[in-house]
Amino acid sequence: MLVRGFRETLERDPERAAVVARLAPEAALDLYAGLLRARLHDIQLKRWVRTGVISKAWLGTGEEAVTVGPVHALERGRDVVAPMIRNAAACCELGMPVADMLRGYLGSDDSPSRGRDLHVGAWDRGVLQPISHVGDMVPVISGVALTFSMRHEPRVALTWVGDGAAIFVLQNNQVALGTRLDRHHLPGQFHEWAASYGIHGAEFDGNNVLVAYAATRLAAERCRRGEGPALLVAETFRMGGHATHDEREARETLPDELFKSWGRRDPIGLYEEYLKERDVAPQRLADIEANITAEVERAAEEALRSRDRMPAGSSALAGVYAGNGVVQPRGGL
């Protein structure tokens with residue numbers, strides 16, 4: 001029944017179904033690999049928390065499709081994304097090594113941000129390192145998109161925002177920090193927000209990676225035609241706390257039925273069953289899972305070798321201002 005619902009969600013929109021129909025078989029499996037890579041990255045971080053390697057981690061468990069689908073709908077080497085911390089998978093799906101993503105949590109000298117921040121990015125791969133505060137990347141990515149427009153470049157800039165806060169993907173995971181949606185949001189639907197800004201709007205099932213891909217692909221094509229920005233509303237659920245330190249609080253804050261109902265609609269499990277229904281051999285999927293598992297395990301081992309390579313204190317002064325990237329300290333106190 002759940003897989004039928006997954007399929008019917010796609011089929012009820014002919015335009016999106018047509019986009020998915022053009023998806024090459026290998027590209028469909030790349031989506032599966034991306035979902036697994038995102039989940040296993042989070043599992044590795046959780047292991048590190050439990051073994052004392054790091055103190056806490058911000059996970060995107062259950063929300064992987066909202067990141068993987070849209071990223072795969074863009075043009076690599078051309079388009080730009082600015083992920084929130086729960087969209088960390090945007091980094092590896094655009095080519096950043098998983099080891100570098102893990103080094104971001106270790107704060108090592110060879111991490112992408114040189115130990116400054118666990119919010120990582122790779123501008124050379126089209127990933128703008130995010131600002132921690134949810135929503136702050138909206139004006140930043142709008143500026144990037146404006147630059148594209150002024151240069152007459154048919155490129156897309158995409159960012160994700162939470163429910164409290166180019167293509168903008170409003171990732172409604174039913175909770176803001178530790179406050180349930182029904183306690184902070186007045187009646188009304190998020191899909192109404194696009195009209196209030198005078199821009200194109202659409203909704204998609206955030207646990208259906210194919211719908212996420214198709215909705216973003218259509219929005220990107222619209223943007224490239226010069227038809228203005230788009231706001232996509234993705235309905236999903238955060239299967240945990242704000243971070244690993246308050247998972248128990250999340251279970252106490254939100255009804256248990258929410259975890260059960262959304263857990264049954266896990267984006268990886270649903271897509272896996274859909275692929276089997278489409279005659280993808282279970283062994284093929286098992287091989288992909290084994291390969292991604294080995295990739296993440298190698299990345300963790302590689303990252304841990306950097307654990308003691310902390311940046312020098314003086315490096316905090318580099319790259320702060322434009323120019324040569326070096327701040328000259330003033331004399332005196």
Side-chain angles (χ1 to χ4, degrees), residues 34 37-38 41-42 45 54 56-61 63-74 76 78-108 111-148 155-173 175-177 206 212 216 220 229-234 236 238 240-244 303 311 316 319-320 322:
R37 189 178 292 109
H41 165 268
D42 280 7
L45 288 176
I54 56 178
K56 68 175 75 171
W58 287 259
L59 311 178
T61 305
E63 304 179 48
E64 295 90 351
V66 185
T67 301
V68 174
V71 166
H72 280 253
L74 302 180
R76 299 187 184 195
R78 187 183 192 190
D79 297 334
V80 173
V81 301
M84 294 192 297
I85 198 165
R86 295 188 208 287
N87 310 111
C91 297
C92 53
E93 293 311 296
L94 287 173
M96 178 186 282
V98 176
D100 280 349
M101 296 167 61
L102 296 174
R103 287 188 183 101
Y105 266 90
L106 297 177
S108 58
S111 70
S113 59
R114 298 296 301 277
R116 286 183 172 84
D117 195 349
L118 56 83
H119 295 77
V120 299
W123 183 245
D124 60 331
R125 300 183 185 276
V127 184
L128 183 59
Q129 183 173 343
I131 300 168
S132 175
H133 307 84
V134 176
D136 275 4
M137 295 312 294
V138 170
V140 175
I141 209 70
S142 296
V144 173
L146 178 60
T147 299
F148 293 162
R155 301 168 66 186
V156 169
L158 180 150
T159 192
W160 294 260
V161 294
D163 53 24
I167 297 175
F168 306 106
V169 179
L170 196 159
Q171 189 166 329
N172 177 21
N173 62 9
V175 63
L177 200 78
T216 308
L231 173 65
L232 305 180
V233 179
T236 185
R238 191 184 74 195
H242 177 65
T244 51
V320 178

Verify, without hydrogens or angle tests, whether [X] (side chain) and [Y] (backbone) share a donor-acceptor contact under 3.5 angstrom.
X	Y	value
Asp136	Ile131	no
Arg78	Arg155	no
Asn87	Thr67	no

Can you measure from [atom1] ([X]) to [atom2] ([Y]) and round to the nearest 0.5 angstrom?
X	Y	atom1	atom2	value
Leu94	His72	CG	NE2	8.0 Å
Ile141	Trp160	CD1	CH2	9.0 Å
Leu158	Met137	CG	CE	11.5 Å
Tyr105	His41	OH	NE2	6.5 Å
Glu64	Leu59	CD	CG	9.5 Å
Arg76	Glu93	CZ	CD	6.0 Å

Mind listing the closest non-hydrogen atom pair of [X] and [Y] along with its distance?
X	Y	result
Trp123	Val80	CZ3-CG1, 3.6 Å
Gly206	Ala234	CA-CB, 4.2 Å
Val120	Val127	O-CG1, 4.5 Å
Ala57	Ile54	CB-CD1, 4.3 Å
Ala303	Ala99	CB-O, 3.7 Å
Glu63	Arg86	OE2-CD, 3.7 Å

Do Cys92 and Met101 come close enough that some side-chain heavy atom pair is under 4.5 Å? yes
